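Remarks on the structure that follows.
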Amino acid sequence: MRGTVAMGRLGPDLSHLMSRSTIAAGSLPNTIGYLSGWIADPQDIKPGVLMPVLDLSGPQLNSIREFLGTLK
Ligand code: HEM
């Protein structure tokens, strides 16, 4: 994300995630359902992808989803 102190370098830039119509290199429609599925288990959707399974709890997944929704 641009404009944060985290200065992340590992994955793609998600700064304007919600303005895009697809995610995961164009392979998935950017809907709340696909986005949640991706964050919960990217390896199931795209085996071998360089994003690990994060093993998030339901509440953690909800918080992240809510935050991602603000990235217009
Ligand atoms: C809560 C933490 C995370 C969230 C919310 C998240 C979210 C996402 C999302 C939404 C995408 C699709 C992006 C796009 O289409 O441009 C993505 C892709 C990706 N993420 Fe993550 N991610 C997280 C953690 C990580 C971590 C820890 C890594 C690496 C160690 C990582 C590596 C990647 C990579 C390499 C991709 C590109 C996959 C592809 O397009 O084939 N992510 N992530």
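Just so it is clear, the model here is predicted, and its values are computed rather than measured.
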Does any non-hydrogen side-chain atom of [Y] lie less than 4.5 Å from one of [X]?
X: Leu61; Y: Ile39; result: yes
X: Ile23; Y: Asn30; result: yes
X: Leu35; Y: Met18; result: yes

Point-to-point distance, once rounded to the nearest 0.5 Å, from [atom1] of [X] to [atom2] of [Y]:
X: Trp38; Y: Ser27; atom1: CH2; atom2: OG; value: 6.0 Å
X: Met1; Y: Asp13; atom1: CE; atom2: CG; value: 8.5 Å
X: Leu14; Y: Phe67; atom1: CG; atom2: CZ; value: 8.5 Å
X: Arg65; Y: Ser36; atom1: CZ; atom2: OG; value: 3.5 Å
X: Ser21; Y: Leu28; atom1: OG; atom2: CG; value: 11.5 Å

Determine all donor-acceptor pairs shorter than 3.5 Å in which one atom belongs to a side chain in residues 45-53; sequence neighbours excluded.
none

Practice item. Indicate, with yes or no, if Leu71 and Ile64 share a hydrophobic cluster defined by side-chain heavy-atom contacts under 4.5 Å among Ile, Leu, Val, Met, Phe, Trp and Tyr. Key: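 Linked within one cluster.
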**Study point:** side chain to side chain donor-acceptor pair (under 3.5 Å) between Ser63 and Gln60, worked out
**Key:** CA-CA 5 Å; Ser63 303; Gln60 286 173 322; over 6 Å; no
Review point. Minimum heavy-atom separation for His16 to Lys72, with atom names?
Key: ND1-O, 2.9 Å
